Amino acid sequence: MRDTTPRLSPRTADKILTRDDLLARRPALRAAGRRLVHCHGCFDIVHPGHVRHLRSARALGDVLLVSITGDSGVAKGAARPLIPQELRAENLAELDCVDWVYVDPHPSAEPLLAAVQPDVYVKGREYEFNDDPRFRAERDTVERAGGRVVFTSGDVVFSSTALIEALSASADPFQGRLAQLAARPELEAAALTGHMSGWRDKRLVVVGETIIDTYVFCDRPEVAGESPVMTLRPVERRTFDGGAAVIARHAAALGARPTLVTVLPRDNPTAQELRLRLEAEGVEVRAIDADAPIAEKQRFLVGAQKVMKLDLVPQPTLDARRHDALLDLARDAAADSGGCDAAIIADFGLGLLTPPMARRLCRSLRPLAGVLAGDVSGRRHALRSMRRLDLACPSEAELRDAYALHDEGLPVAAWRLLQETRTRAAIVTMGPEGLIAFDRLPDAETPGGDPYRPRVRGEHVPAMTPHAIDALGCGDALLTTATLALCAGAPLVGAAFLGSAAAAVHAQRLGNPPLALNDLRQSVTRLLAARLAWAGTDAVRVVTGRVRAAS
């Protein structure tokens with residue numbers, strides 16, 4: 001395959017100098033009586049103000065040297081420089097008014113000025129009355145060597161920082177928030193990688209309904225002849241393990257040792273195949289017998305677009321004896337080897353976890369689990385009956401419906417949940433707007449004081465993918481990942497960040513496959529290394545020196 005990578009022209013490449021080249025050329029320039037003019041800066045985005053500044057500088061001498069601060073020396077925030085030093089140098093070398101370009105590894109130009117001793121050092125008008133000690137040192141260095149400092153007119157003024165912030169906001173409104181999060185010590189790559197490594201062999205008990213998610217791929221829809229109704233012709237079917245089963249599969253794929261406690265029909269080929277499949281992936285299955293088949297949810301798709309959903313959900317007929325048996329299975333699974341690292345109670349609203357059953361499970365598992373987490377789905381859920389959790393993961397709609405708080409601020413609803421259920425923290429998902437992780441403020445329940453004072457603090461984590469291919473199962477991936485992160489000692493914001501990253505990975509796949517640890521690691525690495533750049537009218541991401549289209 002022919003290499004189509006753009007090459008620098010010899011003229012442009014010859015302008016970009018090493019330090020040795022620069023110091024070798026300077027004496028010859030001085031001996032010939034030619035004046036060297038020097039400009040220095042970051043030049044992250046070369047805008048019209050920069051071009052006029054450089055043209056003015058070139059008119060003051062015979063050769064214009066432009067030095068740029070190397071990537072390691074730029075101190076303009078976590079996401080800067082926006083463009084790598086090699087590309088910044090190339091941009092400047094392409095300008096006709098620029099003769100030499102040098103990438104300076106130092107945060108200040110003072111050492112280079114001392115070595116090069118330019119005849120004229122040119123800065124922008126904003127530096128004329130600037131009392132920055134770094135600029136004072138640069139000015140003193142130039143003048144001690146016999147040079148002079150000149151300020152350009154500043155008739156066209158742009159701020160690279162302001163331009164970058166504006167471009168970031170227009171291409172991705174949450175880019176700034178992600179940059180803030182990435183700058184926090186608890187969200188450094190080493191810390192998050194350490195938490196992910198800590199998931200190995202964590203014992204996790206998952207209690208809840210098992211669901212079969214079926215995707216029916218259909219040919220192009222038509223309108224029926226007998227009446228104006230859509231006609232679908234299936235061409236392919238794919239099935240995925242859903243409900244509590246996929247939570248257990250996620251946990252196994254992430255390195256934990258999960259046990260699934262659920263209800264399965266006896267003497268049923270589908271149930272037997274599911275059990276064998278889960279056990280082959282490292283999931284221990286403990287189930288009580290049920291008379292009804294496994295609940296199935298069918299989704300009909302044309303291409304990647306879902307056009308209809310069909311719920312084949314038989315009503316469970318569990319009597320008190322079977323409820324007791326399920327409770328015993330869950331308690332025994334958690335008590336093995338002296339307790340489990342975490343337990344997840346997942347209520348998918350199919351009738352298995354009635355409010356009394358949810359309360360009993362919480363009471364039984366609380367003393368046996370290092371981290372106790374709960375999640376709900378749908379409208380018939382038992383969220384308010386899940387007590388003393390370490391983490392609850394409802395959606396905003398589920399939380400508001402549970403407390404009939406549809407107009408109040410989300411922190412009010414979150415406080416009601418934490419206070420009523422004595423839950424330690426909640427991650428409330430908001431679809432494409434991301435999530436907010438809530439926990440109590442230290443004085444939340446102190447008697448007296450302002451009754452309207454804030455009682456919870458919230459950390460917003462934006463959605464880490466702008467367009468979800470398939471939202472099915474994203475909440476399960478988030479719940480599993482965040483729970484394991486808390487097990488490994490991550491703070492709440494770290495658990496929320498990893499959970500959001502897991503949801504983003506899952507959202508880019510069709511169906512409900514388990515989340516692989518390597519995929520999550522790579523996603524976190526890209527998120528922490530990515531910086532927004534601009535190319536024409538298209539947003540792109542620069543990742544470790546390579547440019548790729550933003551997805």
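Numbering starts at 1 and runs along the sequence shown. What you are looking at is a predicted structure, and each value in this text was computed from that prediction instead of being measured.
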Exercise: identify the closest heavy-atom pair between [X] and [Y]:
| X | Y | result |
| --- | --- | --- |
| L254 | A516 | CD2-C, 4.2 Å |
| A496 | V461 | CB-CG2, 4.2 Å |
| L391 | A482 | CD2-CB, 4.0 Å |
| L417 | A392 | CD2-CB, 4.1 Å |
| A495 | A490 | N-CB, 4.2 Å |
| G370 | D390 | O-OD2, 3.7 Å |

Output all residues satisfying salt bridge (charged side-chain N to carboxylate O under 4.0 Å, His left out) with [X], sequence neighbours left out; order by chain, then residue number.
| X | value |
| --- | --- |
| E396 | R400 |
| D14 | R25 |
| E186 | R184 |
| D99 | R58 |

Whether the side chain of [X] engages the backbone of [Y] through a donor-acceptor N/O pair (distance < 3.5 Å, no angle test) should be reported.
| X | Y | answer |
| --- | --- | --- |
| E138 | A109 | yes |
| R26 | Q117 | yes |
| D62 | R35 | yes |
| R440 | L418 | yes |
| S56 | R52 | yes |

Distance check, rounded to the nearest 0.5 Å: [X] atom [atom1] versus [Y] atom [atom2]?
| X | Y | atom1 | atom2 | answer |
| --- | --- | --- | --- | --- |
| I427 | I436 | CD1 | CD1 | 11.5 Å |
| H460 | L435 | NE2 | CG | 7.0 Å |
| I344 | L204 | CD1 | CG | 4.5 Å |
| R526 | M464 | CZ | CE | 12.5 Å |
| T429 | E398 | OG1 | CD | 6.5 Å |
| L372 | L389 | CG | CG | 5.0 Å |

Residue list, side-chain contact (heavy atoms from CB on, under 4.5 Å) with A507, at least two apart or on another chain
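Residues passing side-chain contact (heavy atoms from CB on, under 4.5 Å) with A507: T465, A468, C474.
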Sequence neighbours left out, what passes side-chain contact (heavy atoms from CB on, under 4.5 Å) with D21? Give chain and number order.
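So D21 forms a side-chain contact (heavy atoms from CB on, under 4.5 Å) with L17, T18.
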Hey, mind stepping through H40 and L113 against side chain to side chain contact (heavy atoms under 4.5 Å, CB included) and telling me if it holds?
CA-CA 10 Å; H40 178 81; L113 292 168; over 6 Å; no
Worked verdict on V66 versus L95 for side chain to side chain contact (heavy atoms under 4.5 Å, CB included):
CA-CA 11 Å; V66 181; L95 297 176; over 6 Å; no
Using the test ring-ring contact (aromatic ring centres under 6.0 Å, His included), find all partners of F240 that sit at least two apart in sequence or belong to another chain.
Y215
With H38, which residues qualify under ring-ring contact (aromatic ring centres under 6.0 Å, His included), at least two apart?
Y121
Would you say that [X] contacts [Y] through its side chain, given a criterion of any heavy-atom pair below 4.5 Å between the two side chains?
| X | Y | answer |
| --- | --- | --- |
| F135 | V149 | yes |
| L65 | P118 | no |
| L528 | F497 | yes |
| V63 | V37 | no |
| L29 | W100 | yes |

Can you tell me which residue pairs pass the salt bridge (charged side-chain N to carboxylate O under 4.0 Å, His left out) test with a partner in residues 480-496, sequence neighbours excluded?
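As it turns out, there is no salt bridge (charged side-chain N to carboxylate O under 4.0 Å, His left out) pair with a partner in residues 480-496 once direct neighbours are skipped.
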Pairs flagged by salt bridge (charged side-chain N to carboxylate O under 4.0 Å, His left out) wherever residues 462-486 is involved - sequence neighbours left out:
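Pairs touching residues 462-486 that pass the test: K306-D470.
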R139 bridged to D132 by N-O distance under 4.0 Å:
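Salt bridge: no.
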Test: D439 and R424 ion pair at under 4.0 Å
no
The side-chain contact (heavy atoms from CB on, under 4.5 Å) partner of L64 among L36, L92, V120, V98 is V98
Passing option when W199 is tested against D341, T481, T480 for side-chain contact (heavy atoms from CB on, under 4.5 Å):
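Of D341, T481, T480, side-chain contact (heavy atoms from CB on, under 4.5 Å) with W199 is met by T481 alone.
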H50 and H53: aromatic ring centres closer than 6.0 Å?
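Ring centroids of H50 and H53 are no less than 6.0 Å from each other.
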One pair to check against side chain to side chain contact (heavy atoms under 4.5 Å, CB included): L301 and L510. What are the steps and the verdict?
CA-CA 11 Å; L301 298 87; L510 201 61; 4.2 Å; yes
Selection residues 490-506 - residue pairs positive for side-chain hydrogen bond (donor to acceptor under 3.5 Å, both in side chains), sequence neighbours left out
H506-R509, H506-N512
Not counting sequence neighbours, list each pair that qualifies as a side-chain hydrogen bond (donor to acceptor under 3.5 Å, both in side chains) and has a residue in residues 84-93.
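Residue pairs with at least one partner in residues 84-93: D71-R88.
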Is the number of heavy atoms from other residues, nucleotides or ligands within 6.0 Å of CZ (R200) greater than 12?
no
Within a reach of under 6.0 Å around OH of Y127, are more than 12 heavy atoms found that belong to other residues, nucleotides or ligands?
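Counting neighbours around OH of Y127, 12 or fewer heavy atoms of other residues, nucleotides or ligands fall under 6.0 Å, so no.
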Could you walk me through whether L112 and L22 pass side chain to side chain contact (heavy atoms under 4.5 Å, CB included), step by step?
CA-CA 10 Å; L112 181 63; L22 179 59; 3.9 Å; yes
Under the criterion salt bridge (Lys or Arg N to Asp or Glu O under 4.0 Å), I'd like the reasoning laid out for R11 against D96: C-alpha separation, chi angles, the key distance, then a yes or no.
CA-CA 10 Å; R11 178 176 174 276; D96 291 340; 3.5 Å; yes
